[in-house]
Each structure stands twice: as structure tokens, then as C-alpha cells.
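All chains are named by letter (A, B, ...) in the order of the sequence lines, taking the proteins before the strands, and each is independently numbered beginning at 1.
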Amino acid sequence: MKIATFNINGVKARAEVLGRWLDESAPDVAVLQEIKSVDENFPREIIESRGYHLETHGQKGFNGVAVLSKQPLHDVVRGLPGDESDEQARWIEATIGDGGLRICGLYLPNGNPAPGPKYDYKLAWMERMEARVRDLMTSEVPLVFAGDYNVIPQPEDAARPEAWRDDALFRPETRAAFRRLKSLGLYDALRLRHPEHEIYSFWDYQAGAWPRNDGIRIDHLMLTAQAADRLTDAWVETAPRAWDRPSDHTPVWIDLDL
DNA sequence: ATGGCTTCGGTGCGAAGA
């Protein structure tokens with residue numbers, strides 16, 4: 001089962017890219033971030049015309065997540081539990097097909113500028129995610145937590161780590177919170193398969209970041225042991241970053257023996 | 001570089017992103 005996460009930076013602006021990507025790369029399951037669309041205006045036909053089931057959790061203007069799957073989606077949860085007052089659309093869960101896998105698609109807050117209220121929100125969100133992961137891990141079903149984490153886990157996950165030293169994506173508190181998530185028993189799929197350096201998933205639109213390969217790795221698929229046991233491959237698909245009108249992120253993939 | 005692009009909403013150009 002091939003599973004991808006893709007921050008598409010606007011589902012309507014990315015209609016052509018999204019259709020081409022589904023045709024060429026054909027994920028079994030994918031989670032999308034930054035759809036920047038309310039659910040009523042989501043261009044569902046791009047996805048459903050290609051035979052996918054689709055669940056969305058959007059809001060006006062920014063944020064927004066979605067999950068698509070060739071198998072039916074069940075028991076959908078929209079929004080990260082733990083704060084009824086949080087109106088930002090950054091979390092969606094669904095069980096795939098007959099229940100052999102549960103996937104969580106997430107768009108973790110950016111947090112800049114740091115320090116400040118946006119950074120406080122990021123750290124609080126990560127604490128809430130920790131609680132949700134704990135909850136879900138009481139089940140024996142393999143779990144995949146996939147999305148744009150807005151976390152550079154280690155210096156080797158950035159082409160120029162010194163440029164990110166004080167940034168909300170790389171500050172010590174951010175990386176410590178990410179380590180706490182891992183210490184619950186989650187495995188970074190890409191690093192399980194590719195411990196080597198220089199693998200990125202985001203390149204800024206500005207200053208020639210893509211042609212200079214001035215990237216960062218912030219899109220992650222985190223697996224429970226039950227899912228990691230099934231992991232056969234993990235990779236970043238860089239080609240879509242070079243297409244016309246690309247997202248500034250590119251898809252990250254795993255293949256599970258499910 | 002004190003964001004050099006790009007999205008959205010809305011139809012100006014500011015907010016947000018990373």
C-alpha cells in the first residue's frame with residue numbers, strides 16, 4: 001500500500017498539478033495539507049473522477065487538510081481533539097478499508113515569529129497531538145501520522161541549518177517536542193530507510209532555493225511499531241517540485257506491506 | 001535582507017507561509 005503526504009499549498013491553484021500527480025504516481029492513500037478551501041468549494045471531481053474516496057476538513061483562506069483513498073474511509077475525525085476553542089483546520093483521521101490501518105493527516109502550526117503567541121500555539125498543539133497519539137496507540141491497529149510537521153528534526157534535515165537556528169521550525173523547544181512524540185513509540189519512516197543526509201521536502205519559492213537545493217525536510221510520515229513492521233520503502237518524490245506552478249513542498253511516500 | 005515568491009480573499013494589497 002503506497003501512502004503519500006503532500007502539502008499542495010492551495011487545492012484550487014494546484015488543480016493541474018494534483019490531477020497529474022494522481023495520474024502519474026497513483027497513491028493508494030494520500031493526505032493533503034494547506035488545501036486553503038472550505039469543504040463546499042473543494043474541487044472534489046479532481047480526486048473522485050480518478051476513483052478515490054475523499055474526506056476534507058477545510059476552512060476559509062488558509063490551512064485545511066484532506067485524506068483520499070482508493071478503499072473506503074471510515075470513522076473520520078475532523079480537528080485535533082483537546083481544545084474545543086481551536087478553530088484551525090489542521091487534523092483529520094480516517095480508517096482505511098476494512099480497518100487494517102488508521103491514518104492521521106496533520107498540518108502542524110508554523111509557529112513563527114518565535115517567541116510569541118503563534119509559537120505558544122505551536123507548542124500547545126504539539127502537546128495536544130502527543131495526547132491524541134497516546135490515545136490512539138491503545139489500539140493495536142497500525143497507525144500512520146503523516147503531514148507537514150513544520151519541524152526540522154536534525155541539522156542534517158536542512159541544507160543550511162545555521163539559517164534556521166532561531167526559527168520556529170528548528171528551535172530547541174520545537175525539536176524537543178518532536179523527540180517527545182517519537183519517544184511515545186513513533187518511527188520516522190524516511191530515516192528508517194534513508195539514514196543519509198540531504199533529503200528535503202520543501203524549497204522556498206524565493207531566491208532560487210529549488211535550483212540551489214536549499215531545502216529542508218519538514219514533511220514526515222511517523223509510524224507506530226505495528227506500521228513500521230510493515231514498512232518496505234520510503235522516499236521523497238522530487239519531480240513535482242519542478243512542474244509548472246508547483247507547490248513549495250513535494251510529496252513524501254511510504255510503501256507498507258498491507 | 002527588514003522575505004527576494006505565492007496563495008488567499010476579493011478586486012487593494014495585506015496576511016500568511018517557512
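Using cut-offs of 30° and 60° for the angle between ring planes, the Phe145(A) and Trp91(A) rings count as tilted.
Note: CD1 (Ile8(A)) to P (dT6(B)) measures 17 Å, nearest angstrom. Protein atom CD of Gln206(A) is 6 Å distant from nucleotide atom P of dG4(B), rounded to whole Å. Per the geometry, CG belonging to Asp167(A) stands 12 Å off P belonging to dG17(B), to the nearest Å.
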Under 3.5 Å, sequence neighbours excluded: what are the donor-acceptor pairs made by side chains of residues 64-76 of chain A?
{"residue": "Ser69(A)", "atom": "OG", "partner": "Gln71(A)", "partner atom": "N", "Å": "3.1"}
{"residue": "Ser69(A)", "atom": "OG", "partner": "Gln71(A)", "partner atom": "O", "Å": "2.7"}
{"residue": "His74(A)", "atom": "NE2", "partner": "Gly97(A)", "partner atom": "O", "Å": "3.3"}

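The neighbour count for Glu48(A) CD, taken as heavy atoms of other residues, nucleotides or ligands under 6.0 Å away, is above 12.
Between Lys118(A) and the phosphate of dG17(B), there is a side-chain N or O to OP1/OP2 separation shorter than 4.0 Å. For Arg90(A), a side-chain nitrogen or oxygen approaches OP1 or OP2 of dG17(B) to under 4.0 Å. Using a 4.0 Å cut-off, no side-chain N or O of Arg14(A) falls inside it from OP1 or OP2 of dT6(B).
Residue Phe170(A) is classed as having no contact, given no heavy-atom separation below 4.0 Å to the nucleic acid. In this structure, Asp148(A) reaches the sugar-phosphate backbone alone: every heavy-atom distance under 4.0 Å involves primed, P, OP1 or OP2 atoms, never a base.
Side-chain proximity of Asn110(A) to the nucleotides dG9(B), dG17(B), dT7(B) is greatest for dG17(B).
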